[in-house]
Amino acid sequence: MSELFIYNSYTRQKEKFEPITPGYAGLYVCGPTVSGESHLGHARPYITFDIVLRYLRHLGYKVRYVRNITDAGHFEEEGREATDKVSEKAVLEKLEPMELVTKYTNLYHNAMHLFNCVDPSIEPTATGHIIEQISMIETIIEKGYAYEKNGSVYFDVVKYAAEYPYGTLSGRVLEDQLETTRELDGQDEKRNKADFALWKNAPPEHIMRWKSPWGYGFPGWHIECSAMSSKYLGETFDIHGGGMDLQFPHHESEIAQSTIAHGHPPVHYWMHNNMITINGKKMGKSYNNVIKFTELFSGNHPILQQAYHPMVVRFYILQTHYRSTLDFSNEALQASEKGFRRLWEAGEFLQKLTHPGAETAADAELESKVKTLCAECPDFMNDDFNTAKVIANLFELAPVIYGMKGGQVNVAAISASTMTLLKTTFKTYLEDVFGMQPLQIQNNNKLDVVMHVLMEIRKEAKKRKDFATSDDIRNKLAASGVNLKDEKDGSMSYSVE
RNA sequence: GGUCGGAUGGCCGAGUGGCUAGGCUCAGCUCUGCAAAAGCUGCUACAGCGGUUCGAAUCCGCUUUCGACCUCCA
């Protein structure tokens with residue numbers, strides 16, 4: 001089997017994945033800021049890196065997956081007084097900050113479970129690691145790369161850039177940063193425009209503030225990820241993931257901080273997922289074009305023609321490579337829904353197939369085709385997690401499976417071992433690696449009993465050629481969203497919309 | 001303004017210097033009591049203009065155009 005190659009944003013090329021400790025992998029992903037409800041755009045990184053996690057585990061790695069929760073509103077807003085987003089909103093909604101944080105954290109967790117994302121091994125919160133952050137800032141000051149001013153602490157980017165490579169990750173040149181013509185207030189404390197805050201002074205009216213060597217305040221945005229990732233994954237770890245929009249300044253700042261604090265860069269492989277767009281524009285708070293999870297799942301949003309199941313959203317995201325933009329549209333989601341249904345049902349039927357056991361394939365051409373399509377799946381995943389190509393191959397296998405179901409293809413057309421390979425491939429990729437689940441949970445028993453009674457009556461009617469009755473049953477059920485399907489072998493099945 | 005990345009058939013989207021990606025839609029056919037589902041067949045695209053090459057959607061240049069980042073942002 002081929003080896004795993006990962007596109008490293010830092011070097012801008014695919015590199016063979018070589019973990020720091022053989023057999024183990026450390027994965028850190030920037031999690032949500034729980035000052036508001038998550039939206040479709042947020043689903044991309046969580047699902048993308050869920051695949052990375054699942055695939056690494058599939059390959060046999062023991063993975064520690066750390067994904068933080070940013071629950072302290074340590075945001076610095078240029079041009080205004082430093083404010084605290086969480087506390088601001090708390091005032092608006094007349095809630096305690098912690099109440100707000102809890103509310104949105106719960107909503108987020110709920111959505112993650114609906115998406116069937118594997119829980120992180122550790123989910124650290126920013127507020128739970130104030131001490132670690134302060135300690136890291138102290139180290140940076142001691143080493144001479146940060147300075148305190150009026151109770152705030154800033155990282156000296158200019159000094160750093162003189163001695164270390166700065167801007168490599170985001171492809172930025174420091175001089176450009178310094179020459180920005182934009183005039184902003186509140187810059188006086190900084191020695192240079194490019195400097196960023198490690199700690200922000202906060203006046204008493206701020207609800208979220210902590211005591212520090214520099215007075216009361218709150219940590220800068222970037223420091224939490226550096227403090228928490230190094231605590232749980234080590235000063236150097238394997239993979240750091242996040243959205244492309246975090247490349248600068250967030251991840252660039254993480255590299256600078258950690259390099260000074262620990263004496264070396266923190267991450268071997270930087271991975272960035274691309275954005276979800278809507279009408280060609282990035283879906284984001286600032287554009288006011290977001291579709292929240294609850295809206296997506298309920299269909300309760302002006303732009304939505306219907307509700308979309310979390311698994312449909314997941315499939316839709318996986319049908320595109322993670323480094324490409326993905327444009328939202330009802331048509332695209334609906335196409336994904338149909339496609340997923342078809343593929344999932346193929347997989348379900350496949351597992352029920354029994355093979356006579358012959359090792360000789362009756363159809364050498366088909367045998368070879370199936371083998372190849374299955375064998376390519378790991379190669380595609382190893383090529384920077386190309387889920388889109390794996391799905392395409394599964395779709396190519398679907399007609400073979402349905403052909404066996406419909407009688408157009410003989411089960412013995414492929415050998416017993418190839419049948420096993422086919423089954424394993426569907427199970428492995430659809431369920432284990434892609435984490436897909438059926439759209440409808442098993443119907444409750446009572447309904448099932450009722451449906452079987454109805455189907456028996458209909459079968460009897462059909463036997464009598466009493467099609468008026470049989471059609472009547474089917475049509476009336478269909479009107480209520482319960483669809484009956486007659487199978488070739490005379491059996492009947494139903495599905496609830 | 002600076003940096004970077006895109007422009008693929010009706011829609012969504014892979015992708016490689018030469019061989020049908022795939023999905024959805026649409027049309028026809030087969031099967032089926034009729035449906036539905038499924039199978040088969042068809043619709044064959046790579047923004048424009050130059051260049052490199054035996055050969056480019058894939059490499060280079062220019063043009064047009066869209067976007068991301070440069071400020072919180074997944």
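Keep in mind the model is a prediction, meaning the values are calculated, not measured. Reminder, nothing fancy here: chain letters follow the sequence lines and each chain counts from 1.
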**Q.** Phosphate OP1/OP2 of B/G23: any A/Ser336 side-chain N/O under 4.0 Å
**A.** no
Q.
Does A/Phe340 reach a base, just sugar-phosphate, or nothing at all? Heavy atoms under 4.0 Å.
A. nothing
Q | B/A14 and B/G22, which share atom name C1', separated by this distance in whole Å | A | 7 Å
(Q) Please name the nucleotide paired to B/U3 by Watson-Crick or G-U wobble geometry with both distances under 3.5 Å, or report none. (A) B/A68
Q: Test for a donor-acceptor pair under 3.5 Å between the base of B/A74 and the side chain of A/Arg44, counting only N and O atoms.
A: no
(Q) Using a distance-only criterion (donor-acceptor N/O pair, under 3.5 Å, no hydrogens), is the base of B/C66 paired with the side chain of A/Asn279? (A) no
(Q) Could you check whether A/Tyr104 and A/Glu37, counting side-chain N and O atoms only, form a donor-acceptor pair closer than 3.5 Å? (A) no
Q. Within the structure shown, what part of the strands sits under 4.0 Å from A/Gly171 by heavy-atom distance: base, sugar-phosphate, or nothing?
A. sugar-phosphate
Q.
Between B/G1 and B/U58, how far apart are the two P atoms, rounded to whole Å?
A. 28 Å
Q: Would you please confirm or rule out a distance under 4.0 Å between OP1 or OP2 of B/G13 and any side-chain N or O of A/Lys389?
A: no
Q. Counting just side-chain N and O atoms, does A/Lys281 come under 4.0 Å of either OP1 or OP2 of B/G67?
A. yes
Q | Residue A/Met283, side-chain atoms from C-beta onward, closest of B/A38, B/A74, B/G33 | A | B/A74
Q | B/A68 and B/C49, which share atom name P, separated by this distance in whole Å | A | 28 Å
Q) Got a donor-acceptor pair under 3.5 Å from the side chain of A/Asn386 to the base of B/G15? A) no
Q.
Give me the distance, rounded to whole Å, that separates B/C11 from B/C69 when you measure between the P atoms they each carry.
A. 26 Å
Q: Kindly confirm whether the side-chain ring of A/Phe467 is stacked on the base of B/G33, judged by centres under 5.5 Å and planes under 30°.
A: yes
Q: Consider the side chain of A/Ala388, meaning its heavy atoms from C-beta on, and name the nucleotide among B/A74, B/A14, B/C34 that approaches it most closely.
A: B/A14
Q.
Just to be sure I understand the rule, does A/Gly406 reach a base, reach only the sugar-phosphate, or reach nothing, if contact means heavy atoms closer than 4.0 Å?
A. nothing
Q: Using both distances under 3.5 Å as the test, list the Watson-Crick or G-U wobble partner of B/C34, or none.
A: none
Q. Contact class for A/Leu326 (heavy atom, under 4.0 Å): base, sugar-phosphate, or nothing?
A. sugar-phosphate
Q) Reckon A/Met275 touches a base, only the sugar-phosphate, or nothing at all at heavy-atom distances under 4.0 Å? A) base
Q: Assign A/Arg342 to base, sugar-phosphate, or nothing according to its heavy-atom contacts below 4.0 angstrom with the strands shown.
A: sugar-phosphate
Q: Sort out the partner of B/G9 for me: Watson-Crick or G-U wobble, both distances under 3.5 Å, none otherwise.
A: none
(Q) Just so I know, are the side chains of A/Ile47 and A/Phe115 near enough to count as touching, which here means a heavy-atom distance under 4.5 Å? (A) yes
Q: Ignoring hydrogens and angles, state whether a donor on the side chain of A/His250 or A/Asp245 is under 3.5 Å from an acceptor on the partner side chain.
A: no
Q: Classify the nucleic acid contact of A/His321 as base, sugar-phosphate or nothing, counting any heavy atom under 4.0 Å across all strands shown.
A: sugar-phosphate
**Q.** A/Arg474 side-chain proximity, nearest of B/C34, B/A14, B/G23
**A.** B/C34
(Q) What contact category does A/Lys338 fall into here, base, sugar-phosphate, or nothing, at under 4.0 angstrom with non-hydrogen atoms? (A) sugar-phosphate
(Q) It should be established whether A/Lys282 places a side-chain nitrogen or oxygen under 4.0 Å from OP1 or OP2 of nucleotide B/C69. (A) yes
Q.
Please report the distance separating the P of B/A45 from the corresponding atom of B/A57, rounded so that it comes out in whole Å.
A. 11 Å
Q. When you check the gap from the basic side-chain N to the acidic O, do A/Arg458 and A/Asp486 get nearer than 4.0 Å?
A. yes
Q. Counting only heavy atoms not in A/Lys459, do more than 12 fall under 6.0 Å of its NZ?
A. yes
Q.
Taking the cut-offs as 6.0 angstrom to the six-membered ring centre and 45 degrees off its axis, would you call A/Arg323 and A/Tyr7 a cation-pi pair?
A. yes
Q) In the strands shown, is B/U58 matched to any nucleotide by a Watson-Crick or G-U wobble pair with both distances under 3.5 Å, and which? A) none
Q. Do other residues, nucleotides or ligands put more than 12 heavy atoms under 6.0 Å from A/Gln13 CD?
A. yes
**Q.** B/C19 pairs with, by Watson-Crick or G-U criteria that keep both distances under 3.5 Å
**A.** none
Q. Mind checking the P distance from B/C24 to B/C19? Whole angstroms is fine.
A. 25 Å
(Q) Looking at A/Tyr287, I'd like to know whether one of its side-chain N or O atoms comes within less than 4.0 Å of OP1 or OP2 on B/A68. (A) yes
Q.
Once you apply a heavy-atom cut-off of 4.0 Å, does A/Ser170 come out as touching a base, just sugar-phosphate, or nothing?
A. nothing
**Q.** Complement of B/A27, any strand, by Watson-Crick or G-U distances under 3.5 angstrom
**A.** B/U41
Q: Check every strand shown and say whether A/Asp327 touches a base, only sugar-phosphate, or nothing at a heavy-atom separation below 4.0 Å.
A: sugar-phosphate
Q.
With rounding to the closest Å, how many angstrom separate the P atoms on B/A47 and B/G6?
A. 13 Å
**Q.** Interatomic distance at P, B/G9 relative to B/C31, whole Å
**A.** 36 Å
Q | cation_pi(A/Arg44, A/Tyr322) dist<6.0 Å, angle<=45 | A | no
